[in-house]
Amino acid sequence: MSADSRIAAITARIVERSKPYREPYIDRVRGAAANGPHRTVLGCGNLAHGFAVCSPAEKVALAGDRVANLGIITSYNDMLSAHQPFETYPALIREAAHEAGGVAQVAGGVPAMCDGVTQGQPGMELSLFSRDVIAMAAGIGLSHNMFDAAVYLGVCDKIVPGLAIAALTFGHLPAVFIPAGPMTSGLPNDEKAKIRQLFAEGKVGRDELLEAESKSYHGPGTCTFYGTANSNQMLMEIMGFHLPGASFINPGTPLRDALTKEATKRALAITALGNEFTPAGEMIDERSIVNGVIGLHATGGSTNHTLHLVAMARAAGIVLTWQDISELSDLVPLLARVYPNGLADVNHFHAAGGMGFMIAQLLSKGLLHDDVRTVYGQGLSAYAIDVKLGEKGSVKREPAPAVSADPKVLATIDRPFQHTGGLKMLSGNIGKAVIKISAVKPESHVIEAPAKIFNGQGELNAAFKAGKLEGDFVAVVRFQGPKANGMPELHKLTTVLGILQDRGQKVAILTDGRMSGASGKVPAAIHVTPEAKEGGPIARIQEGDIVRIDAIKGKIEVLVEDIALKTRVPAHIDLSDNEFGMGRELFAPFRQIAGAADRGGSVLFN
């Protein structure tokens, strides 16, 4: 089935807008593909350095252009649960490459930080910029020009977007993403959230809180809630960077290993040395990006991807806007209820039918572009499958089930949880912002209340502990944008404001910072641009001003005469405390040149 005419029209608009960037990009990709990699053009000294530690047979193979060499870019470290499983992947990939008649080498490693560890800490101010560092680090690994294709080992928040930017920058190379999968289910996410609230209210101690957190985050793999990490995996599959069914298989299982081996062999099969050459830069096009946005809406995915998808698209010469994302939200129904948008976790989502069921449902109504290229071949319909372990450790695929195994977790296209997606763009005299409403109750989709001004989440939390947060209000948390302090996530606001909401107060957040994929029931207008550091209107809001956040009409407004608002002197604060410690001094140049949130908050694309 061809794509719905409304989706096709938005896609055509993106194509037209992108032409000045996309056409030169494709020319560069094709030129690079024509020029290499041909290892025979490397000087003998260059090549000798490149395969010095290889076996004699591998050296003979790599001396010419008869055998494909696979570059591995890995985000492995053994501190973080999501990345620890990658420790064994290079050996598995090398083994699979040899079986397929190829060679594989670790081309480089990239940093992988965990927002769960750095939440509310100084290190969080490096988080968003780490995405661009990851892209550059991957670029260094691939710059040796020794490789015919690359596989990318990444899972979490900034890692996958950074790797995707690198893959598209090296768009002349085929690129396959190989995930590690989610950890097995532990303490239910709603129970963990309840303990967090009790701790914030002083009703349980640190020991009880740590016990609950440890039971929730308890082993190898990604966190099981539907935050940025698992949204990443959904995106890589629906955009065609994963093999079908690869996203949500637990680490350390035979099927996980079988998928890793299959991904390796597929990466070798789609190099320029074979008959299915699939360079990443040509494979990913405007239709692929639109499919990613649609998947984000259908699953109630992370708000962080209103930054990351824009930056990823730009790496491929594609200009995606928040308006595109918002208009697609109006056309795409919400099909998944995964915490914080429900009680289930991603393991329950996968068991209910997972990606294959969801893709099949969306395709049935023309709500995805089927006519796309993927690492698996032509057509997204090949991803409407259920993946299992076959004979002798092989991967077996069957058509996706026609019926959800749990309608409370995964809905059909005819009976969705809501008829529009989870992300909306807001605009008004404050600027532009985004809001995630898939977990927000309808009665909170519109909030009009006095502003309480905070220059950081610490100030708000201190006011809560002092009992100063009474009545209805909109918490205006500013000087949290890319240029101010690197745009950290303000996830610690969620618990405090959730408590006030449960007490019957009408509360909301307005901020030029980020929340996260874990943001839930409190309405939050985030990523406000222009940011306060740039003198944006958010810096002109004063204590007590009435602020209106309307997720239905897509509006954010301070109810002050525009002339009066413009004549106010923007607030300025001392940001010197954000300039040093935990490596923040190293990122001063990034803060100076970072682009606006609606352009991805990137230092690479402004």
Side-chain angles (χ1 to χ4, degrees), residues 22-42 50 58 61-73 93 96-105 107 138-139 141-152 163-178 236-244 246 259-289 291 312 315-318 369-383:
R22 179 68 175 173
E23 290 177 355
Y25 170 82
I26 291 295
D27 288 343
R28 292 194 300 270
V29 165
R30 290 174 178 168
N35 293 330
H38 300 299
R39 281 175 293 279
T40 52
V41 305
L42 291 177
E58 289 173 330
L62 295 180
D65 297 317
R66 301 179 303 279
V67 172
N69 189 25
L70 189 59
I72 304 168
I73 300 291
I93 291 167
H98 290 159
E99 290 174 1
V103 178
Q105 297 177 294
L142 294 173
S143 68
H144 298 98
N145 200 28
M146 285 283 294
F147 309 107
D148 301 278
V151 292
Y152 295 86
L163 293 176
I165 290 169
L168 293 167
T169 302
F170 284 77
H172 61 289
L173 295 177
V176 178
F177 280 64
I178 304 180
M236 291 301 97
E237 186 157 342
I238 207 165
M239 289 172 64
F241 269 133
H242 277 177
L243 291 182
L259 284 162
T260 298
K261 289 182 177 180
E262 183 190 43
T264 301
K265 294 176 181 179
R266 186 61 190 166
L268 292 170
I270 60 176
T271 71
L273 298 178
N275 297 320
E276 298 181 75
F277 184 40
T278 310
E282 293 200 57
M283 183 189 85
I284 296 296
D285 63 13
E286 292 86 351
R287 295 166 298 178
S288 310
I289 297 294
N291 281 351
M312 289 158 57
I318 297 168
H369 290 285
D370 188 18
D371 57 339
V372 291
R373 296 175 70 184
T374 73
V375 296
Y376 199 62
Q378 184 70 34
L380 194 63
S381 55
Y383 285 68

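- With sequence neighbours excluded, the residues forming a side chain to side chain contact (heavy atoms under 4.5 Å, CB included) with Glu276 are Arg266, Ile270, listed by chain and number.
- Scanning all heavy atoms of the two residues, the minimum distance from Leu380 to Asp370 falls at N-OD1, 2.7 Å.
- The structure places CE of Met283 at 8.5 Å from CZ of Arg373, a figure rounded to the nearest 0.5 Å.
- When the side chain to side chain donor-acceptor pair (under 3.5 Å) test is applied to Thr278, no partner is found at least two apart in sequence or on another chain.
- Taking both residues in full, the closest heavy atoms of Ala167 and Ala175 are given as CB-CB, 3.9 Å, listed atom of the first, atom of the second, then distance.
- For Glu23, the side chain to side chain contact (heavy atoms under 4.5 Å, CB included) partners at least two apart in sequence or on another chain are Lys19.
- In this structure Phe177 satisfies the ring pair (Phe, Tyr, Trp, His ring centres under 6.0 Å) test together with Tyr152, Phe241, sequence neighbours excluded.
- Listed here is the closest heavy atom pair of Tyr376 and Ala382: CD2-CB, 3.9 Å.
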- Task: Start with the C-alpha gap between Glu262 and Leu259, add the side-chain angles, then the distance that decides, and say whether side chain to side chain contact (heavy atoms under 4.5 Å, CB included) holds.
- Result: CA-CA 5 Å; Glu262 183 190 43; Leu259 284 162; 3.8 Å; yes

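- Residues passing the side chain to side chain contact (heavy atoms under 4.5 Å, CB included) test with Ile26, sequence neighbours excluded: Arg22, Arg30, Glu282.
- Of the candidates Thr264, Val103, Thr271, Leu173, Thr264 is the only one forming a side-chain contact (heavy atoms from CB on, under 4.5 Å) with Leu70.
- In this structure, Thr374 OG1 and His242 NE2 are separated by 12.0 Å, a value rounded to the nearest 0.5 Å.
- Residues that satisfy the salt bridge (Lys or Arg N to Asp or Glu O under 4.0 Å) test with Glu58, not counting sequence neighbours, are absent from this structure.
- Taken from CD1 in Ile178 to CG in Leu243, the straight-line distance is 8.0 Å, to the nearest 0.5 Å.
- In terms of heavy-atom proximity, Phe277 sits nearest to Ala272 at CD1-N, 3.2 Å.
- Taking the side chain to side chain donor-acceptor pair (under 3.5 Å) definition, one finds that Lys261 meets it with nothing, sequence neighbours left out.
- In plain terms, the two heavy atoms of Ala104 and Ile72 that are nearest each other are CB-CD1, 4.2 Å.
- The minimum heavy-atom distance between Asp148 and Ala68, with the atom names listed, is OD2-CA, 3.4 Å.
- To the nearest 0.5 Å, atom CG of residue Leu62 and atom CE of residue Met146 are 5.5 Å apart.
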- Task: Could you walk me through whether Met239 and Ile289 pass the side chain to side chain contact (heavy atoms under 4.5 Å, CB included) test, one step at a time?
- Result: CA-CA 7 Å; Met239 289 172 64; Ile289 297 294; 3.8 Å; yes

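- The CG atom of Asp285 lies 9.0 Å from the CG atom of Asn291; values are rounded to the nearest 0.5 Å.
- Under the rule for a side chain to side chain donor-acceptor pair (under 3.5 Å), the partners of Asn69 that lie at least two apart in sequence or sit in another chain are Gln105.
- Here Asp371 pairs with Arg287, His369 under the side chain to side chain contact (heavy atoms under 4.5 Å, CB included) rule; sequence neighbours left out.
- Between the side chain of Tyr25 and the backbone N or O of Ile318 there is no donor-acceptor pair closer than 3.5 Å.
- Annotation: side chain to side chain donor-acceptor pair (under 3.5 Å) contacts of Arg28 (sequence neighbours excluded): none.
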